[in-house]
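Numbers restart at 1 for each chain; the letters A, B, ... are given by sequence-line order, proteins then strands. Fair warning: this is a prediction, and the values are worked out from it, not measured in the lab.
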2 protein chains.
Amino acid sequence: MPLSPETRERLSVSLAQLVRSGRHMSSRAATHLHGDLPSFGWPLLLPLESDGDLRCSALAVRAGIDVSVASRQVAALERAGYVERRPDPQDGRASLLRITARGLEALTTSRALRSEWTGTALAGWDDADAHRLADLVDRLLTDIERAVTASPPSAAGHHDPQAVAG
Amino acid sequence: MPLSPETRERLSVSLAQLVRSGRHMSSRAATHLHGDLPSFGWPLLLPLESDGDLRCSALAVRAGIDVSVASRQVAALERAGYVERRPDPQDGRASLLRITARGLEALTTSRALRSEWTGTALAGWDDADAHRLADLVDRLLTDIERAVTASPPSAAGHHDPQAVAG
DNA sequence: ATCAATGCTTGCAGACCGCAACCATACTCT
DNA sequence: AGAGTATGGTTGCGGTCTGCAAGCATTGAT
């Protein structure tokens, strides 16, 4: 039972605005959300925290960016001491990345900042609505990922965009 | 009645992922969503469509970008024929921007593409859930805007150039 | 008439992105 | 083993989007 055209359009417009709004917040200037982490630290450190050591290419896939970009950003995080690398015992070409204590700390700080900001912005919300929204967003994310991986979005480019509406 | 810390954190993480995911779809390569519109056309043409003629500065506020950026993007849209400008009768410095028939057409096409994509990605959803999500997202957007305007982001930090790319 | 304020444009630089070329290592095949 | 290919990662390059600051033209107040 598919969605009605009106619902589809309304949802796509709302999501586009949300994405646009959020883009502004992940900007470099948003230190009230990042702490001392560079703006790209969050999507890289998060998989490293939850899934242990990863290779650069695996990290790139998780973060939805090109390996070359991940390589540069990881190098920056390494210089800043948030991440350390050791040679992969399985493969001499690869390195395994691990989050450092400092990285964990920065991640925790950033998480607290985000959480705090969310709390003040959503002061009028109750837990039930927030949970509903989180549930729906999570479901949306999995469906988006499925849709993107299922049908290549562009014939020419075979990049890995997990793009949605916006 | 404030949100619990767990809910806040979960929501902030989910929304961050959604924003990150959506970022890629506003890329220039996502012609399956933009049609022949440039990627920045959507957030500019949308206010022009709904609110009639606007000045460049008003448009920048609506789109959430700097006036200088809006100026450049509007110039591009004008060159492409999606927008036309006429002198503001009230003020010789300003121009009034209006969406052209071609702009309306492109906007309609883009809207249809987005709607179609949303329909396939959210194939398993029913109208009720989609409506719930759209309602919550809209409410979230208004609350975010309120929070942002209440405490201006420029107050938090000036620019913090930690150049890292190599 | 003068001078500050306003609307917009442009020069500049930063941040992020992907592609292509490249090197070193691993794997496959004969 | 040796040759050829595939893979992981890095770097050069260009492109896009962004904001800041300086500049220009017009407006409005003194």
Side-chain angles (χ1 to χ4, degrees), chain A residues 19-20 23-31 34 37-44 54-61 63-79 85-97 153-154 156-163 166, chain B residues 19-20 23-31 34 37-44 54-61 63-79 85-97 152-154 157-166:
Chain A
V19 165
R20 178 141 198 96
R23 193 177 178 171
H24 194 263
M25 288 194 282
S26 60
S27 114
R28 10 354 194 156
T31 55
H34 300 133
L37 260 183
S39 63
F40 51 78
W42 175 267
L44 291 182
L54 288 175
R55 318 231 282 216
C56 192
S57 50
L59 202 48
V61 170
I65 54 178
D66 193 84
V67 194
S68 61
V69 179
S71 172
R72 279 184 276 248
Q73 293 181 347
V74 161
L77 292 178
E78 190 188 9
R79 279 193 296 274
R85 72 210 313 164
R86 66 188 166 93
D88 187 334
Q90 313 288 323
D91 192 327
R93 296 165 299 181
S95 299
L96 290 182
L97 303 167
S154 178
H158 61 293
H159 47 65
D160 189 23
Q162 338 165 284
Chain B
V19 165
R20 175 140 200 95
R23 218 169 143 166
H24 284 325
M25 96 29 196
S26 57
S27 132
R28 191 157 199 79
T31 55
H34 300 134
L37 260 183
S39 62
F40 51 79
W42 177 265
L44 292 183
L54 288 174
R55 317 232 281 216
C56 192
S57 51
L59 202 48
V61 170
I65 54 179
D66 192 83
V67 194
S68 62
V69 178
S71 171
R72 276 185 279 250
Q73 292 180 348
V74 161
L77 291 178
E78 191 189 9
R79 278 194 298 273
R85 74 208 312 162
R86 65 187 168 94
D88 187 333
Q90 312 290 322
D91 191 329
R93 297 166 296 182
S95 299
L96 289 182
L97 303 166
S154 51
H158 236 207
H159 66 73
D160 184 0
Q162 35 189 357
V164 277

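Rounded to the nearest 0.5 Å, atoms CZ (A:R23) and CZ (B:R20) are 11.5 Å apart.
At whole-Å resolution of the value, CD in A:E78 and P in D:dG9 are 13 Å apart. Residue A:W42 contributes atom CH2, which lies 16 Å from atom P of C:dC16 at whole-angstrom precision. For A:L59 and D:dG8, the CG to P distance is 14 Å, given to the nearest whole Å. When rounded to the nearest whole Å, the span between CZ of A:R79 and C1' of D:dT10 equals 12 Å. If you take CZ of A:R85 and C1' of D:dG8, they are 11 Å apart, rounded to a whole angstrom. Distance B:L96 CG to C:dC8 P: 9 Å, rounded to the nearest Å.
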Please list, pair by pair, any protein nitrogen or oxygen found under 3.5 Å from a nitrogen or oxygen in nucleotides 17-19 of chain D.
{"residue": "D:dC17", "atom": "OP1", "partner": "B:S39", "partner atom": "OG", "Å": "2.2"}
{"residue": "D:dT18", "atom": "OP1", "partner": "A:R20", "partner atom": "NH2", "Å": "3.2"}
{"residue": "D:dT18", "atom": "OP2", "partner": "B:Q73", "partner atom": "NE2", "Å": "2.6"}
{"residue": "D:dG19", "atom": "OP2", "partner": "B:D66", "partner atom": "N", "Å": "2.8"}
{"residue": "D:dG19", "atom": "O6", "partner": "B:R72", "partner atom": "NH2", "Å": "2.5"}

Quick test: give all pairs of protein nitrogen or oxygen and nucleotides 27-29 of chain D nitrogen or oxygen below 3.5 Å, distance rounded to 0.1 Å.
{"residue": "D:dT27", "atom": "OP1", "partner": "B:G92", "partner atom": "N", "Å": "2.9"}

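Scanning all heavy atoms of the two residues, the minimum distance from A:G41 to A:L77 falls at CA-CD2, 4.2 Å. Heavy atoms only, all atoms of each residue included: A:V67 and A:S57 are closest at CG1-CA, 4.2 Å. Across all non-hydrogen atoms, the minimal contact from A:M25 to A:H34 is O-CE1, 4.1 Å.
Taking 4.5 Å as the limit, some side-chain heavy atom of B:Q73 sits within range of a side-chain heavy atom of B:I65. Residues B:L54 and B:L96 form no side-chain contact, since every pair of their non-hydrogen atoms from C-beta on lies 4.5 Å or further apart.
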Would A:D88 and A:R93 count as a side chain to side chain contact (heavy atoms under 4.5 Å, CB included) if you check the C-alpha gap in whole Å, the side-chain angles of each, and the deciding distance to 0.1 Å? CA-CA 8 Å; A:D88 187 334; A:R93 296 165 299 181; over 6 Å; no
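Distance alone, capped at 3.5 Å, places no donor-acceptor pair between the B:R86 side chain and the B:L97 backbone.
Between A:S57 and D:dG9 there is a side-chain polar atom (N or O) within less than 4.0 angstrom of OP1 or OP2.
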